[in-house]
Structure formats: structure tokens, C-alpha cells
Amino acid sequence: MKAMRTLVRTSAIALAASLLATPALAEDGYDLWLRARASASTQPVVSRLGDTPTLRLAEAELRRDLPVAATLPIVVALAGDASLASLRLPVGELGDEGYLVRPVTLGGRQTLLVTGNTDRGVLYGAFALIRHASSGNQPGAANLRSAPKVKLRLLNHWDNLDGPVERGYAGESLWDWWTLPDYRDPRYTDYARANASIGINGTVLNNVNAKADSLTAPYIAKAAALADTFRPWGIRVYLSARFSAPIELGGLKTADPRDPAVAAWWKAKADEIYRTIPDFGGFLVKANSEGQPGPRDYGASHGDGANMLAAAVKPHGGIVMWRAFVYADTDPDDRAKQAYTEFKPLDGTFADNVMVQVKNGAIDFQPREPFHPLFGAMPKTPLMMEFQITKEYLGQATHLAYLGPLFTEVLEAKTGRGKETVASVVDGESERHRLTGMAGVANIGNDRDWTGGTFNQANWYAFGRLAWDPLLDAAGIAREWAQQTFGTDPRIVGPVVDMMMRSREAVVDYTGPFGLAHLMATGHHYGPGPWVSELQRPEWNPVYYHRADKQGIGFDRTRTGSNAVAQYAPTVAKLYANPRTTPEAELLWFHHLPWNYRLKNGETLWDGMVHHYDRGVSTVTAMRREWDGLRPMVDAERWEKTATFLAIQEREARWWRDASLAYWQSVNGLPLPAGSAAPEHDLAWYKAQQFPLAPGNPH
Ligand code: BDP
């Protein structure tokens, strides 16, 4: 008996010891940037005026997560609350989602007030205060005021109904469609909370390559369960709609948008959805693109298709987001021109609840693309920006590539029409559109850390912050993310921000400098494949994009080539028409140039290219070293995973460099500049690499 008791005690001690040795659960990345917690000593005094589920969430968040002692008691309240009337707060410009946080005297007491015109505004204010305090500021002195510049701030999930996520590298879909609507995984709430904390207010649940099944009654009920969970967090659900659903589900012979029976089917479908999800946001549509059905199948236009769907959701206040990502195998013209050619003439023909959703560049989420020429070219149509948060073309989950600089580079681009920038088109400032929006293709899956790696979380975060305010700067966002994710010690924040800010350019350098694009392997898009030339559609082949031959490299998009430059406003077109005035970072996007073309620094184009490839690899090596130095300051689990990923990235950066250089040399026959190492293998070796099971490419 005694032996038994000793054994029990010993194993209890062993268990306790092993628990102590186990890294804290909180460090596995699940908490994202929301790691702050109030401690017993910092527990703020929070009270609430008014009662809605969302106000209660705002109160609970502050009580639980304010990490620094607030010197003042905190009150959360709607701006319209009678007890605030005498304060005459400047809340007029906050709209229905903005917030104001400031010290006031309330009932004779100094109080920190968190307010907004709606409970959603108050919730955003609560998160803003937590962000402020988690970034090392004193909450009691907070004076924060902000309203979103963009109305619809949406994630697009490319999630299939049976689990896999198209271009998802963080596990399977977060939505367990099978057990919905009965089982509501608590994780759905955590997802909504994370989004609300950065201002995201909508989510498209299913893949743009949509199945009609998502519009059946059982799946509408499943979406409704998610909508119920998300609602208190200010998040609406949207669905991707398959254009041929009237045929597949309704048994109609056609999906022609001009056919009254088709319009009636969609109207009835919209009515059915709104009966179950009263605040349903609307539809996202990928039509006549990469094999998806659409109005062009019937000789109707994208406008006809979008407007027909828009009429169905209009009585309910819904919208249609119609994607401009179209290019056709029947069109021999430069792929980069096709969306503009198709959509520009439709400007002014769309119903007032249609937004045209445009990818940031004219091809496809490449590591660097000039801004899409449609921005600024359709003044009568609200254009929604589509960014890709999941890094399909930037190293997928394992490469550290902070996308803040990619996003801001596009948003800050001048369209050439007066002072207009892409941001001012997107946020509606340019044309005073009522509808404005930004969409980000999500990088979220059911991995414990949501995004497959700590630094990928920063891209979700940066997207949300920029959708709220497209004028924020990338380094500032990186800093606040790093402070919340790793703590405010400048010895860690400094190096982390430094790594982040260099990371995207490193990917550009080792995958394709000077505006080269679409050089990746086929299908899964993992790794290099600049030699690929045998795919059925010309514009699926990397050789279509780089056009390298013995003499030179690059796609001539000037008058002597495809003349895509003419799709830009004259001042921008003029710059792009001449290699000397084209930013060198975009040189080969617009020009086919000889290998010995002289760059601004005096090097030949070829030598400059090699140096960029080298620089890409050495930047990753330097990032690794920087991260190594942070080991004592980062918890073991997150440190280890990032360290391993950086090692993968370094290996793969070298692979990209070597494979690309081996291929370019096979075309141009030129030697490498002095000091640059020869590729590790010959070209045949790189060509032979196969990765049939690479993730993110469901069939
Ligand atoms: C491409 C992706 C493909 C998507 C497509 C889209 O490779 O999986 O379906 O974009 O945006 O980049 O529709």
C-alpha cells in the first residue's frame, strides 16, 4: 500500500515536472497577436452602459486583455447613450464603425471612455485600446479616434466543402461543413474575434471555384450557423456563387442571365438565403475564368450576369462582388490586357449594388506586379481590391515574406489621373462611391497557429489594418504586430521588424527580379519552372511571360509589343513606354531587353539579374542569423518552428536561384559574373524535380 502511495506520489511529481517542462500552451501561436492578458494587479475596472451582445464582448475583452494597469476606470458605451449627452463628443465623423477612446469626466469621475455610434464601433475601440496598451503605451492616457476608410473589409476563403483549401498551406478548412450546423466549434468564435480585432467585417466562406452545393438548403443552414457565431463580432457572411447553379440545382436548361426563369431562380434563392441569414452580405462570383461558367457562355456580358444577381439580392440590401480576374484561351492578346479590355467598356453599366473585384496586378498575385490598369479606369464603378494573403507565389507557408510592403506599394501607386492613387480609388475618395471594399484571400486553416507559421499571421494582420486604413505604412504595422506577438522589448521588436521589411524583396530577388513573373512550376506552383513551355494554353507557360532568347529577356508591352502600357493613364503609360523611365523593379514586365542592356548602376542586365538572385539568398541567410540571435528572447516552440522554416527558405531560395540561373544560362550562354557561384546542379536535375503531393492544389 505504501509502495503504491509512493508510486502515485512519484508519478504525480514526475507529471508536474513534465508539465513544467512543457512549453506553455499559450506559446503555440494559437493566440495570434491577441496574447495580452490582464493580470490580477492590472485588472482594469470596466463598466458598461447599455446592453447588446457586442457591447458585452467589448467589456469582456477589456477586462480580460488589457495588459497594463489603466490609471482610470473604463466605461464602454454607445455615443448616443443619454448619460454621455452633456459631453458633446465629436462622434459625427465616426460613421457607424468608428471609435473614440479618451479620458472624460463622467458622473463627476475621471473615466476612460470607449465609445462609438454603434456597438461595433465600441468593440473596435476596445480592440484599439488593447492594441495601444499591448504596444507599450499607457492606456489611461489614450486618446484614440479612427473610422475605417473602406466599408467592406473581407476575407475570401478558397475553402472547398469537403475540407481542402485551394492555395491553403495551413491545414484543412477551418469550417467543418460536415458537422455544421449542429456542432459550432469554439474556434469559430476565436476566428471572429481575431478578425474583429483588426476590423475585418465580412467573410466569404467558400472557394471562388464554387460548387453549386453551397447554395442548397443544408449548406445555407450551415452558413447560417457560422453567421450566428460571427454576428456579435460585426462580421457578415458571404458566399461564392456558381453561375450555373440554376442548371445544376434548379434543373433549368440554361443559366443565361437574360432569361427570366434564370433571374427568377436566383431571386427565389436569394429570398431563401435571407430567410435564414437576414444579414447575408451577398455573392462573390468568378465567372468565365479558368473554366468557370458565366454569362459569356451565352453571349451575355459580365454586366448582364452581375446585374441579374444584383437584382436578386438588392431587396435585402445585399451586394455582388464580380471578379475581374478573367482571361480566355480563345483570346490571343496579352493576358495582362484581357481584364481591362473586357471590363473597361462596361464602366457605368453596373447596378449600384455591384462591385468589381480586381486583383492588385494584371496577371496573378505575383511577388511583384505593377498595379492593375483597371484602377482609375472605371470611375463609375466601385472597384474592390483583391490581395492574396496566402502566399501561393511567395514561398507558400514556409517562406518568411511580410506582405505589408507589397500591399502598400500597390495602394500608394499613382494612377496618373491628377493626385489619384490606387488607395484613393479603393477607399472611394476619388469618386465618392458609396460602396468601397478590400478583399484578402485568406491564409487560414485548421493548423493550431491558424496560418501555418507565426510570421504568416502578420500578413492576415496587415491586411486587416490596411483594409481599415489603406494609408497606414507597412513598417508601422509590422512594429505593432511584432510588439503584440513577441512583446515590446526593443531588442526583439527591432530585429523582427527589420527581418519583415526585407523579406518580400528577398523573395522577389530569388524568384524573379526586374519585374519577371510567373516563373513557377506547374499546378501546385511550388518552386521554380521557368523552362516550362509545353502546357496546352500558351499563357499558362512561364516562357510566355519571360520570352527569354539568346538576345534578351522580358515581355514587350510597349507599342512595339502588346501595347499593354496604353491601358494606363497617359502620364503613367509614357513612363512605362521607355525602359529608361520604367522603374527598374518593373523593367522586364514592360520591356524585352538585350542581356547586355545597361542598368542605372552601370552593370549589364544579366550581371544585375545574377546579383539580385545572389542578394535574395544572402538576405535569407542574414534573416536566419538575425533570428538565431533572438533565441533567448522567444519562447521555444515559436522560435523553433520559425528557425526551421528559415532553414527551409534558405535552401529553397538557393534552389530558386540555381535553377533559374542554370536555365537562363542555357538560353543566353553567358558566364556568371565574378564572385557568383555556379548552380549546384545542372539544368536537367532541376527540371527533373517533381512534387505531385505539394499542398494547396486540390483536385
Ligand atoms: C490563381 C490560383 C487559382 C485560383 C485563381 C483565382 O492559382 O487556384 O483559382 O488564382 O484567383 O492564382 O481564381
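The figures that follow rest on heavy atoms only: side chains count, while hydrogens, waters and symmetry mates do not.
At least one side-chain heavy atom of R296 sits under 4.5 Å from a side-chain heavy atom of H302. The shortest side-chain heavy-atom distance between E412 and V422 does not fall under the 4.5 Å cut-off. Contact check for V532 versus V543: no side-chain heavy atoms found under the 4.5 Å cut-off. No side-chain heavy atom of I389 sits less than 4.5 Å from a side-chain heavy atom of I444. Taking 4.5 Å as the limit, every side-chain heavy atom of K286 sits out of range of all side-chain heavy atoms of F243. Side-chain contact between N697 and H525 is absent, with no heavy-atom pair separated by less than 4.5 Å. Contact annotation: the side chain of M355 never approaches that of W322 to less than 4.5 Å [non-hydrogen atoms, C-beta and beyond]. Put simply, the side chain of F375 reaches to within 4.5 Å of the side chain of V426, judged on heavy atoms.
D279 and H316 share no side-chain donor-acceptor pair at under 3.5 Å. Side-chain atoms of Y544 and R537 form no donor-acceptor pair, as typed in the model, at a separation below 3.5 Å.
Annotation: ring-ring contact (aromatic ring centres under 6.0 Å, His included) contacts of Y238 (sequence neighbours excluded): none. Residues passing the ring-ring contact (aromatic ring centres under 6.0 Å, His included) test with Y402: none are found, sequence neighbours excluded.
Checked for salt-bridge contact, K151 and E97 miss the test: no charged N lies under 4.0 Å from a carboxylate O. By the 4.0 Å N-to-carboxylate-O rule, K314 lies close enough to D352 to be salt-bridged with it. E386 has a carboxylate O that lies under 4.0 Å from a charged side-chain N of R323, or vice versa, which qualifies the two as a salt bridge. In this structure, R242 pairs ionically with E248, as a charged nitrogen and a carboxylate oxygen lie closer than 4.0 Å. A salt bridge does not link R275 to E272: none of the charged side-chain nitrogens sits closer than 4.0 Å to a carboxylate oxygen. Between D469 and K149, at least one side-chain N (NZ, or NE/NH1/NH2) sits under 4.0 Å from a carboxylate O, which counts as a salt bridge.
Here the side chain of T390 pairs no donor or acceptor atom with the backbone of E392 at under 3.5 angstrom. Proximity of a side-chain donor or acceptor of N307 to a complementary backbone N or O of T349 within less than 3.5 Å is detected. Formation of a donor-acceptor pair under 3.5 Å by the H399 side chain with backbone atoms of A401 is not found in this model. A donor-acceptor contact shorter than 3.5 Å is absent between the side chain of T203 and the backbone of L205. The backbone N or O of S173 sits nowhere less than 3.5 Å from a side-chain atom of D159 that would complete a donor-acceptor pair. Put simply, the side chain of E539 never gets that close to the backbone of D334: no donor and acceptor are under 3.5 Å apart. In this structure, the side chain of S424 does not engage the main chain of E420 through any donor-acceptor pair within 3.5 Å. R258 places a side-chain N or O within 3.5 Å of a backbone atom of Y298 that can act as its donor or acceptor partner.
In plain terms, the two heavy atoms of V356 and T381 that are nearest each other are CG2-CG2, 3.7 Å. Taking each heavy atom of A224 and T276 in turn, the nearest pair found is CB-CG2, 3.7 Å. Between L435 and N353, the closest heavy-atom pair is CD1-CA, 4.0 Å. When all heavy atoms are compared, the tightest approach of V150 to G437 is CG1-CA, 3.4 Å. When all heavy atoms of S660 and P530 are compared, the closest pair comes out as CA-CG, 4.3 Å. Nearest heavy-atom pair across Y327 and E290 is OH-OE2, 2.5 Å.
Rounding to the nearest 0.5 Å places CG of L588 at 11.5 Å from CG of D556. Taken from CG in N206 to CD in E166, the straight-line distance is 12.0 Å, to the nearest 0.5 Å. Atom CZ of residue R231 and atom CG of residue L226 lie 11.0 Å apart, to the nearest 0.5 angstrom. The distance from the CG atom of L516 to the CH2 atom of W589 is 10.5 Å, given to the nearest 0.5 Å. Taking CG of L605 as the start and CG of L593 as the end, the distance is 6.5 Å to the nearest 0.5 Å. To the nearest 0.5 angstrom, L154 atom CG is 10.0 Å from N195 atom CG.
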Please tabulate, for the side chains in residues 359-367, all donor-acceptor contacts under 3.5 angstrom to protein atoms that are two or more places apart in sequence or on a different chain.
unit_1, atom_1, unit_2, atom_2, d
K359, NZ, D364, OD1, 2.7
D364, OD2, Y393, OH, 3.1
Q366, OE1, H518, N, 2.8
Q366, NE2, D364, O, 2.7

Where do Q388 and W158 land on the side chain to side chain contact (heavy atoms under 4.5 Å, CB included) test, with the steps shown first?
-> CA-CA 11 Å; Q388 192 182 51; W158 286 358; 3.6 Å; yes
Given the rule in the side chain to side chain contact (heavy atoms under 4.5 Å, CB included) test, do T511 and L519 qualify, once you have shown the distances and angles that lead to the verdict?
-> CA-CA 8 Å; T511 60; L519 303 175; over 6 Å; no
Mind running side chain to side chain donor-acceptor pair (under 3.5 Å) on Q338 and D333 for me, showing each step along the way?
-> CA-CA 7 Å; Q338 294 186 25; D333 204 1; over 6 Å; no
Intermediate values then yes/no, side chain to side chain donor-acceptor pair (under 3.5 Å), T451 and N456 | CA-CA 6 Å; T451 57; N456 295 325; 4.7 Å; no
Could you check N443 against K391 for side chain to side chain donor-acceptor pair (under 3.5 Å), going step by step and ending with a plain yes or no?
-> CA-CA 8 Å; N443 61 351; K391 303 194 307 295; over 6 Å; no
I would like to know whether L411 and T421 meet side chain to side chain contact (heavy atoms under 4.5 Å, CB included); could you show each step before the answer?
-> CA-CA 7 Å; L411 291 165; T421 59; over 6 Å; no
Stepwise side chain to side chain donor-acceptor pair (under 3.5 Å) check, H591 with T582 | CA-CA 9 Å; H591 304 282; T582 302; 2.9 Å; yes
Can D213 and K211 be said to form a salt bridge (Lys or Arg N to Asp or Glu O under 4.0 Å), step by step?
-> CA-CA 5 Å; D213 307 58; K211 287 253 188 295; over 6 Å; no
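Taking the six-membered ring where the residue is Trp, the centroids of W266 and F283 are separated by under 6.0 Å. Ring centers of H546 and F555: at least 6.0 Å apart, outside the cut-off.
The number of heavy atoms from other shown groups lying within 6.0 Å of NZ (K419) does not exceed 12. Counting non-hydrogen atoms of other residues, nucleotides and ligands closer than 6.0 Å to CZ of R547 gives a total above 12.
Using cut-offs of 30° and 60° for the angle between ring planes, the F387 and F463 rings count as perpendicular.
Under a cutoff of 6.0 Å and an axis angle of 45°, K337 and Y340 do not form a cation-pi pair. Remark: R120 is not positioned above the aromatic ring of Y124, lacking an NZ or CZ atom under 6.0 angstrom from the ring centre and at most 45 degrees off the axis. In this structure, R557 forms no cation-pi arrangement with F590, as its terminal cationic atom is not both closer than 6.0 Å to the ring centre and no more than 45° off the ring axis.
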